[in-house]
Each structure stands twice: as structure tokens, then as C-alpha cells.
Visitor: 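Starting off with a structure, shown below.
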Amino acid sequence: MHDIVHTASASSTAAVCEGMALFGATPERGERDSRVIWDEDDAIDALGEAIRTIVHGITVDGTQLADEREALLWGFVNCLHAQVTRLDRTVDRIVPEMRDLERAQDGTEVKAHELETLTDRAQNLGDRRDAFEKLRDVAADAYRVETGDVWRPRHGSHASQTGQLTSAAIDGRDFRRARQDRETRAHLPDGTLVAIAGGKNVADADAVWTTLDRARAKYGDMVLLHGGGPGYEKIAASWAEARGVDQVVCRPDWPAHGNAAPFRRNEQLLNLLPVGVIAFPGSGITGNLIDKARQLGIPVMIVTA
């Protein structure tokens with residue numbers, strides 16, 4: 001009881017000093033940050049415990065919440081992915097300021113200190129970004145184990161600069177921009193684009209794997225190009241993940257094009273000029289892709305499985 005009273009009566013200054021003694025002082029704005037970025041082993045262990053809690057403590061088999069497991073795990077991975085994206089954007093905003101400071105260097109200590117401090121901040125933010133990317137990749141792998149599906153963000157790319165992912169999944173718009181300015185996306189995959197298309201209803205999943213294995217045997221640097229849809233394309237994405245093949249994903253832009261989005265997506269996909277299209281049974285959208293590919297002189301292999 002005496003200890004409780006003592007803690008409650010402690011001053012704010014004492015609490016701050018105790019925190020500084022235990023964890024180190026948080027640097028003020030304009031000061032360099034000498035704290036370590038993270039404890040990787042402890043963080044990954046804690047992440048695994050959190051995922052086990054979701055699977056075995058919250059979404060327990062035999063309960064209705066078990067039906068929400070996949071959505072909950074997806075959101076958990078996406079939360080980490082959002083941190084990676086946010087930190088990327090923060091660093092992007094700092095880089096032009098660093099360039100201005102580099103040009104403004106006049107030999108004075110003040111200017112040099114400003115540049116050193118900003119460079120240190122950019123480096124720390126980049127290291128934090130890499131830490132969250134590693135956590136995201138570990139969580140994405142756990143998502144695959146628990147759901148049998150590959151985690152992908154709803155929008156944008158899913159690449160890993162820290163090398164934790166088996167394969168990258170690059171949004172088609174990012175890929176097109178990168179072709180115009182390769183320096184802005186140096187980590188995007190180089191290789192031979194092979195497109196695949198098909199409908200939602202899959203008659204033979206093994207045929208997808210067999211066909212893609214043959215395509216990769218022909219093109220050792222193969223990059224899989226697809227529309228990110230369910231059915232055949234989802235199985236193809238799983239194949240690419242398992243085989244370590246990078247992916248370029250061209251999803252329909254429904255807000256911009258409405259009902260015409262799948263057909264506009266077909267045009268955008270083919271504008272990337274794949275060496276060929278592997279077409280499985282599908283709807284009129286797949287048929288439209290086949291017709292447009294042939295008009296462009298792109299070979300089409302139709303698989304009837």
C-alpha cells in the first residue's frame with residue numbers, strides 16, 4: 001500500500017527522469033537520434049505471439065469469429081504495410097530538402113550541421129521503414145500459412161527492398177511509370193513478361209501450375225503479368241509466390257472507368273507488351289483480352305483445362 005501511494009505522489013519530472021534512465025532521452029527537434037532502431041528478435045517474437053493470439057485466442061475454430069480470421073489477419077498485415085508506405089512518403093518529402101541543403105553548402109558549420117541532422121533523420125526513417133517491412137513480410141508469411149492464400153494489398157505494389165518476400169507483386173501503373181523513369185523504382189523486376197488470364201471458375205488448378213512451369217522453363221527470367229482477379233489469376237499469383245517469380249498486377253480501375261474498367265485494364269496490360277498471353281477459360285473479358293492481343297500480334301496460347 002505504501003508503494004502505491006509513493007508512485008502516485010511522484011512528480012512529473014521524476015517520472016520523466018526515470019524514463020530517461022531506463023530507455024534513454026528522446027532527442028529534441030534538430031538533434032541527432034542515437035537510439036537503436038529496434039530489437040529485431042524481440043519484435044518478431046512479439047509479432048508471432050500477436051498472430052497466435054488472433055488465431056488461437058480470438059478467432060478460435062468452432063466459433064463464428066473463426067469466419068473473420070482471414071479478414072482480421074489481412075488487416076493486421078495491412079496495418080504494417082501502411083507504416084511502410086507512410087515512412088516511404090516521409091523520406092520522399094525529405095529528399096528534396098536535402099538536395100537544397102547540399103546546394104546551399106557554403107562551408108559554414110551551421111549549414112553543415114543542418115545537412116548532417118537531416119541526413120541522419122532520413123537514414124533513421126529509412127531504417128524504421130525497413131524494420132516495418134520485415135515485420136510485414138513475416139506477418140504476410142503467417143497469413144499465407146493460416147489462410148492458404150498470398151497476402152496482397154488492395155492497391156499499389158507489394159515489393160520488398162529488404163529481401164524478405166519470395167516474390168514481388170508490382171502494380172501495373174507503378175511498372176509503367178518505372179519504365180519511363182527507371183531511377184524512381186530501381187527495385188522493380190526486370191525480365192520477360194508473360195501474361196495470364198482466365199475466369200473465376202477453375203476446372204483444374206494443377207493445369208495452371210504445369211503450364212506456368214513450362215513457360216518459366218522457356219523464359220528463365222519470366223515475370224508474371226496478370227489482372228489480380230480471382231480464379232485462374234489467383235492461382236497463378238500463388239504459383240509465382242511459391243516459385244519466387246516476380247509479378248506485375250494490372251487491376252481494373254473501377255472508380256475511374258466504371259463498367260468499362262476490365263476492358264480498359266486489358267488495354268493497359270497489353271501495352272506492357274508481354275511476349276505472350278496464356279489464356280484459360282473465362283468470360284467475355286478474357287475473350288476481349290485474347291482478341292486485342294492477337295490484333296497487336298502478341299501470341300496467345302489457349303489452355304482448355
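Worth saying up front: this structure is predicted, and the values here are computed from it rather than measured. Any value given below was found using the heavy atoms of this structure, including those in side chains, with hydrogens, waters and symmetry copies removed.
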Visitor: Considering all heavy atoms of both residues, which atom of P230 and which atom of K200 are nearest to each other, and what is their separation?
Guide: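 P230 and K200 have their closest heavy atoms at CG-CG, 3.7 Å.
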
Visitor: When you group the ILVMFWY residues by side-chain heavy-atom contacts below 4.5 Å and let the links chain together, are L289 and F263 in the same group?
Guide: no

Visitor: Are V77 and R136 side-chain neighbours, meaning at least one heavy-atom pair lies under 4.5 Å?
Guide: yes

Visitor: For D221, does its backbone N or O pair with a side-chain atom of T192 as donor and acceptor, under 3.5 Å?
Guide: no

Visitor: Keeping the roles fixed (side chain from D39, backbone from D42), state whether a donor-acceptor pair exists under 3.5 Å.
Guide: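 Answer holds: yes.
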
Visitor: Surrounding CG of D67 (heavy atoms of other residues, nucleotides or ligands, distance under 6.0 Å), is the total greater than 12?
Guide: yes

Visitor: Is the shortest side-chain heavy-atom distance between N78 and F76 below 4.5 Å?
Guide: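 No, every pair of side-chain atoms sits at 4.5 Å or beyond.
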
Visitor: Has T211 got a side-chain atom pairing as donor or acceptor with V208's backbone, closer than 3.5 angstrom?
Guide: no

Visitor: Spell out, yes or no, whether V275 and M301 are grouped together once hydrophobic residues are joined by side-chain heavy atoms under 4.5 Å, including indirect joins.
Guide: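 In one cluster: yes.
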
Visitor: Measuring only between side-chain heavy atoms, which start at C-beta, is V60 closer than 4.5 Å to L65?
Guide: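 No. Closest side-chain heavy atoms not under 4.5 Å.
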
Visitor: Side chains of F280 and T286, heavy atoms from C-beta outward: is any pair under 4.5 Å?
Guide: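 Side chain of F280 against side chain of T286, heavy atoms only: no contact under 4.5 Å found.
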
Visitor: Counting N and O atoms only, with roles assigned by atom type, does the side chain of S238 sit under 3.5 Å from a partner on the main chain of K234, one being a donor and the other an acceptor?
Guide: yes

Visitor: Decide whether I285 and L269 are clustered together by the hydrophobic rule: side chain heavy atoms of Ile, Leu, Val, Met, Phe, Trp, Tyr closer than 4.5 Å, transitively.
Guide: no

Visitor: Quick one: are R144 and D149 in side-chain contact, heavy atoms under 4.5 Å?
Guide: no

Visitor: Where the side chain of N271 meets the backbone of E267, is there a donor-acceptor pair that is under 3.5 Å apart?
Guide: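 The answer is yes, because a donor-acceptor pair under 3.5 Å joins these two groups.
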
Visitor: Is it true that a side-chain atom of R69 and a backbone atom of T59 form a donor plus acceptor pair closer than 3.5 Å?
Guide: yes

Visitor: Run through L225, V245, I278 and flag the one making a side chain to side chain contact (heavy atoms under 4.5 Å, CB included) with V194.
Guide: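 It is I278, the one option of L225, V245, I278 that forms the side chain to side chain contact (heavy atoms under 4.5 Å, CB included) with V194.
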
Visitor: Is there a side-chain contact between C250 and L272 (heavy atoms, below 4.5 Å)?
Guide: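 Yes, at least one pair of side-chain atoms sits under 4.5 Å.
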
Visitor: Check this for me, if you would: do R216 and D213 make a salt bridge, where the nitrogen-to-carboxylate-oxygen distance has to be below 4.0 angstrom?
Guide: no

Visitor: Can you name the closest pair of heavy atoms from T147 and Y143 and give their distance?
Guide: OG1-O, 2.6 Å

Visitor: Quick one: do L47 and I37 end up in the same hydrophobic cluster if we chain Ile, Leu, Val, Met, Phe, Trp and Tyr together by side-chain heavy atoms under 4.5 Å apart?
Guide: yes

Visitor: May I ask you to decide if L212's main-chain N or O and R243's side chain share a donor-acceptor pair within less than 3.5 Å?
Guide: no

Visitor: Answer yes or no: is there a side-chain heavy-atom contact under 4.5 Å between R129 and L125?
Guide: no

Visitor: Between R86 and R89, is there a side-chain heavy-atom distance shorter than 4.5 Å?
Guide: no

Visitor: Could you tell me whether the side chain of W74 and the main chain of P153 form a donor-acceptor pair under 3.5 Å?
Guide: no

